[in-house]
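Worksheet for the structure shown next.
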Number of protein chains: 2
Amino acid sequence: MKKQNGSQALERGLGILEAVAEAPPEGLRLTEIAAMCELEQPTAHRLVAALERAGYLARVGDSRRLRLGLRLFQLGSIGGEAGGLADVARPALIRLAAATGDCMFLMVRSGLDAVCLDRQDATYTIHSLTGHVGGATPLGLGTGSMTILAHLPEAERHEVREANRERIRALRHDVPSEAELALVRDRGFYREVNRSVAGIVGAAVPILTPRRRPIAAIAIGATEARLPDERLPAVIEMMQIEARRIEAELNASPSVLASS
Amino acid sequence: MKKQNGSQALERGLGILEAVAEAPPEGLRLTEIAAMCELEQPTAHRLVAALERAGYLARVGDSRRLRLGLRLFQLGSIGGEAGGLADVARPALIRLAAATGDCMFLMVRSGLDAVCLDRQDATYTIHSLTGHVGGATPLGLGTGSMTILAHLPEAERHEVREANRERIRALRHDVPSEAELALVRDRGFYREVNRSVAGIVGAAVPILTPRRRPIAAIAIGATEARLPDERLPAVIEMMQIEARRIEAELNASPSVLASS
DNA sequence: CCATAAATTTCCATATAATGGAATTAATAT
DNA sequence: ATATTAATTCCATTATATGGAAATTTATGG
């Protein structure tokens, strides 16, 4: 009875997907789904049936447990193209990973989050915040995420900071201040020591539209030993050169920039 | 007015996702979506709004056109794990790609389709039916797809053949006969010359449960020159060894087998 | 730059489709 | 076997999605 958008059933269905997504890989039983989504059993059953018919949910093995279906994987690999960004950026990521010997990430904005769209490992494999491709972190937490946030237009930046304050607090971090964000814009990159995983540092540079709206960020993850202050400028420069190259290609192609 | 499952709104919403998925990367406008899905404009608008709020749809650039959102990419990369199958199989695919120098695919069943869950290229890059990770082909068309179909229980096999007959016809191919499928089961592998792309051959072996239900297939794609009849047995044997290895690992792990 | 057309968005009375309580059936646990 | 819990079906009720109409915004072209 909270709000009536005229799409309760759809939103409930999507809510079920979200619940199943967060669940462990053994999957969820119908009862659990109903409980988590605050639905009555028959309601949950109907929606689950529809999602299963469509391939958005699938049974685990031959049990009755439910996990995400492969149709989502298919749609995801279409949606993940994000207007060709991943394809355009991949060679750059590979070059950077090879040149630095470290771990490179392509982060793009999706609503209030930054999503890891691609990742290229070289010699050293790093545990980042987002970790894997498809992982997400609230805008403002993590280097790539921070860099994207810093380049959002002021009004939007404020909205996002407010919206993510509690989420980031819950992760025992803080929303970056406007001063910090301004610094990121001025410097053209952001570096931080990972507060979650000791000994890990990250840095990121933005990929911008001609009007300097952020599309994405290239981030590096490495151990402190491998990315000392002396080495940073050279690495950042390489990353910036590749970012410019990607920007140029995106502008050249009649294609399409990601947003929202 | 066809059937009333009690989830019209949800199914319509998912239908919109399917429509957008098939659309070119420039995205669809609301009018087009409404037309394709046979919805009234306001209805389409409401559903689209809900999908956009949830990140399942996103605007293209700053236009009003819609494409799939990154939330689908995130969910997809969770759903794509398919109970750990991709992770378990990846080393095997890499080994095979390296050993053969050709292109290896991991295909899994999803409803009436076989979906390409992973792909490892070696020296030679091949244009397969499914092409890319996330691509799908109707069960019965393509080597991996064919192999999975061949190992389905009889009743299910029939259902799928009937269900896919028209789809496969539309692609100017034929549903395999029961005799062909029996042959695949007996031989333990399937080889064919690609009828769509000249000079390309494929072959596939199944990954089965202990009860011999098909989970997935490993497929190879190569040029005729690179995969002549003399070489085939050796390659098939390698693939079968890796398939056995994957089966063993899947049984060992308390984990989870894909299905649906 | 303004006029016109087209697409998008909002509004709301109506009817239909989703809802959830109760009962049934199936699957586990004891 | 029996008890317990979960999954599914049924159906009367009403909350919810629906779509016609209108307002608004955006695109088009004169």
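Excluded from the calculations below are hydrogen atoms, water molecules and symmetry mates; all remaining heavy atoms, backbone and side chain alike, are included. Protein chains get the first letters and strands the later ones, always in sequence-line order, with residue 1 at the start of each.
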* Where the side chain of A:T43 is concerned, which of C:dT19, D:dG19, D:dA17 is the nearest nucleotide? -> C:dT19

* Distance check: side-chain N/O of B:S7 vs OP1/OP2 of C:dA17, anything under 4.0 Å? -> no

* Across the strands shown, which category fits A:R65 at heavy-atom distances under 4.0 angstrom: base, sugar-phosphate, nothing? -> nothing

* Asked: Roughly, in whole Å, what's the span from CD in B:E40 to P in C:dC11?
  -> 19 Å

* Asked: OP1, OP2 of C:dA17 versus side-chain N and O of B:R12: anything below 4.0 Å?
  -> no

* Structure fact -> Residues at least two apart in sequence or cross-chain that pass side-chain hydrogen bond (donor to acceptor under 3.5 Å, both in side chains) with B:R244, listed by chain then number, are B:E247

* Structure fact -> Applying side-chain hydrogen bond (donor to acceptor under 3.5 Å, both in side chains) to B:R185 and not counting sequence neighbours gives none

* Whole-Å gap separating C1' (C:dT9) and CG (B:L47) -> 14 Å

* Using a heavy-atom cut-off of under 4.0 Å over every strand shown, decide if B:R46 touches base, sugar-phosphate, or nothing. => base

* **Between P of D:dT16 and CD of A:E11, the distance in whole Å** => 12 Å

* To do: Note down the inter-axis angle between the two ends of the helix from C:dC1-D:dG30 to C:dT30-D:dA1, five pairs each, to the nearest 10°.
  => 60°

* Under 4.0 angstrom between B:Q8 side-chain N/O and D:dT18 OP1 or OP2 -> yes

* Asked: According to a strict under-4.0 Å criterion, is B:R29 in side-chain N/O contact with OP1 or OP2 of C:dA6?
  -> no

* Structure fact -> Here the distance between atom P of C:dT16 and atom CG of B:L39, to the nearest Å, is 17 Å

* Asked: Once you round it to whole Å, what is the distance between P of D:dT5 and CD of A:Q41?
  -> 13 Å

* **Partners meeting side-chain hydrogen bond (donor to acceptor under 3.5 Å, both in side chains) with B:E18 (sequence neighbours left out)** => A:Y56, A:R71

* To do: Taking only the side-chain nitrogens and oxygens of A:H45, find out if one of them lies under 4.0 Å from OP1 or OP2 of D:dT8.
  => yes

* **By salt bridge (charged side-chain N to carboxylate O under 4.0 Å, His left out) - contacts of A:R161 (at least two apart)** => A:E178

* Asked: For B:R212, what residues pass the side chain to side chain contact (heavy atoms under 4.5 Å, CB included) criterion, not counting sequence neighbours?
  -> B:H151, B:L208

* Atom pair CZ/CG of B:R12 and B:L14 - distance to nearest 0.5 Å -> 12.5 Å

* Can you name the one residue among B:T137, B:L139, B:D118, B:V115 that meets side-chain contact (heavy atoms from CB on, under 4.5 Å) with B:M107? -> B:T137

* For nucleotides 22-29 of chain C, read 5' to 3', which letter fits each nucleotide if B means a protein heavy atom sits under 4.0 Å from the base, S means only the sugar-phosphate is that close, and - means neither? -> B----SS-

* Atom pair distance, as rounded to whole Å: CZ in A:R59 and C1' in D:dT8 -> 11 Å

* Asked: Rounded to the Å, how far apart are A:I16 CD1 and D:dA7 P?
  -> 13 Å

* **Carboxylate-amine/guanidinium contact A:E26 A:R67, below 4.0 Å** => no

* With sequence neighbours excluded, what pairs up with A:R165 under the salt bridge (charged side-chain N to carboxylate O under 4.0 Å, His left out) test? -> A:E162

* Taking salt bridge (charged side-chain N to carboxylate O under 4.0 Å, His left out) as the test, write out the residues that go with A:R167, two or more places apart. => A:D113

